[in-house]
Amino acid sequence: MEGEKVNFPIEVVREKFPALSLTDKGRRRIYLDNPAGTQVPQAVADAVSRCLLTTNANLGGFFETTIAAQQIVDDAHAAMADFLGAASPQEIIIGANMTTLTYHMSRTLGRTMKPGDEIILTRMDHEGNVSPWLQLAEDVGLVVRWLAFDEQSWQIEEAALATLLTDRTRLVALNYASNLTGSINRVKALTGIAKQAGALVYVDAVQFAPHGLIDVRDLGCDFLICSAYKFFGPHMGILWGKLDVIDALKPYKCRCSSYALPERFELGTPQIELMAGLTAAVDYFAELGIAAGDGSSRRARIAKAFEASIAYENPLTQRLIDGLSAISGLTIRGITDPARVGERVPTVSFTVDGIVPETIVRQMNAENIFLWSGHNYAWEIVHQLGIPAEQGVVRIGIAHYNTAAEIEETLESVHRVIAMLRQERC
């Protein structure tokens, strides 16, 4: 298969992930549940364990473990600054998860808004970048304007955004890539239009971060959020905020806690052991960049890692799309044109006429092929497309540790399971 011809060290990569070699009653596992959370390299687990066993202390003291713990916290912020292309570690806010951080920042931003102000939300976003803003609008009296995605391009179109912007628009919340359709939005162009209207831009990059290099300064947005457990790290959320923007905000915080950046937005005792794992996850990309041929700065190595992984993932994605497209009555909900494979991440969702998605997934899960059904919190997408929310889609998500053989085995299973379910209906 073409995907295996790419100069990508797939065997070296797979050796770093202990979970990939696990079996259940002698049966191999195929992990295609990656949009919901990836497996982790051994180095990430080791870093978490090492922190808990050797540097387990709270911050702010003068003894060895607390000093070492502070270094872990500082290292994690520096690592994510490199990962996102931030100007400073001060711009990196680390917390429990994307949704919690977005709720926190939405309330903080709400202090700057007044009744009648407008915010724009998209029909393409994960609910974690919708509900916090909807509830803020209800609390403050904001006007919500909805931005639909184009069902031909599967993207948010610049012209559609431009028609919604007014001099009352205070914020545009949009996503980098969809967790259901896989489509990548032209975030830089959309941000430019929003900024011309004077609006803040809040970008959900959770689904894009495992599959492409993020450069927050180039994008021009004000906030960007992602989740470490989607890019081979521990369960954490990371929010980048442009320094002059977050420095002007008054956060919700304890009176006696630090007002420094980013601490003023990081509530309570940090998850120090998970921060150790976060740094290890970023360094995993840097090591992959070295294997792919770049040995300069960590940021440059990360960029090289994504260059190599994209070249590896795209053919696998297209093979999956082509194989699914050959099944009559199956509809892929997203970009299928081979010429546009670079405009999507390797998350492929589909429905089949007359078959409930869960029945397909249950059969495939029983074969130890891990994938999901349902709306997957893409609540607005399923409603725009007229898909019953209680059923949703079948979602298959590739990561760069998956192989061509796994894709072929998965396609064979999909074909066989659908044929079996159709026969049972007869």
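Values reported hereafter were calculated over all heavy atoms of this structure, with side chains retained and with hydrogens, waters and symmetry mates removed. Along the sequence shown, residues carry numbers from 1.
Residues L274 and L278 are not in side-chain contact: their nearest non-hydrogen atoms beyond the backbone lie 4.5 Å or more apart. Counting heavy atoms from C-beta outward, E91 and R217 have side chains that stay 4.5 Å or more apart. Here the side chains of L180 and W379 are not in contact, with every heavy-atom distance at 4.5 Å or above. You'll find the side chain of S325 reaches within 4.5 Å of the side chain of I332, heavy atoms only. Side-chain atoms of Q207 and P35, non-hydrogen and from C-beta on, do get closer than 4.5 Å to each other. Proximity of H235 to N97: side-chain heavy atoms (C-beta onward) are nowhere separated by under 4.5 Å.
Between R395 atom CZ and R333 atom CZ the span is 15.5 Å, to the nearest 0.5 Å. Distance CD/E313 to OG1/T317: 6.5 Å, rounded to 0.5 Å. The distance from atom CD of E263 to atom CD1 of I94, rounded to the nearest 0.5 Å, is 10.5 Å.
With respect to the salt-bridge test (charged N to carboxylate O, under 4.0 angstrom), the residues R301 and D283 do not qualify. The pair R27-E367 does not count as a salt bridge, with every side-chain nitrogen at least 4.0 angstrom from each carboxylate oxygen. Taking 4.0 Å as the cut-off between side-chain N and carboxylate O, E307 and K304 count as a salt-bridged pair. Under the 4.0 Å criterion applied to side-chain N and carboxylate O atoms, E157 and R186 are assigned as salt-bridge partners.
For P9 against L288, the heavy-atom pair with the smallest separation is CG-CD1, 3.9 Å. In terms of heavy-atom proximity, I156 sits nearest to T122 at CD1-CB, 4.0 Å. Here the closest non-hydrogen pair linking N175 and V187 is O-CG2, 4.1 Å.
Side-chain contact of D139 with Q135: a donor-acceptor pair under 3.5 Å is absent, judged by distance alone.
If you look at Y284 and F17, their ring centroids are closer than 6.0 Å. In this structure, F232 has its ring center closer than 6.0 angstrom to the ring center of H400.
Around atom OH of Y377, no more than 12 heavy atoms belonging to other residues, nucleotides or ligands sit under 6.0 Å away. Heavy-atom neighbours of R28 CZ from other residues, nucleotides or ligands within 6.0 Å: above the threshold of 12. Applying the 6.0 Å contact sphere to CD of E390 captures more than 12 heavy atoms from other residues, nucleotides or ligands.
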Carefully, step by step, assess F83 and I238 under the rule side-chain contact (heavy atoms from CB on, under 4.5 Å).
-> CA-CA 11 Å; F83 191 77; I238 303 96; over 6 Å; no
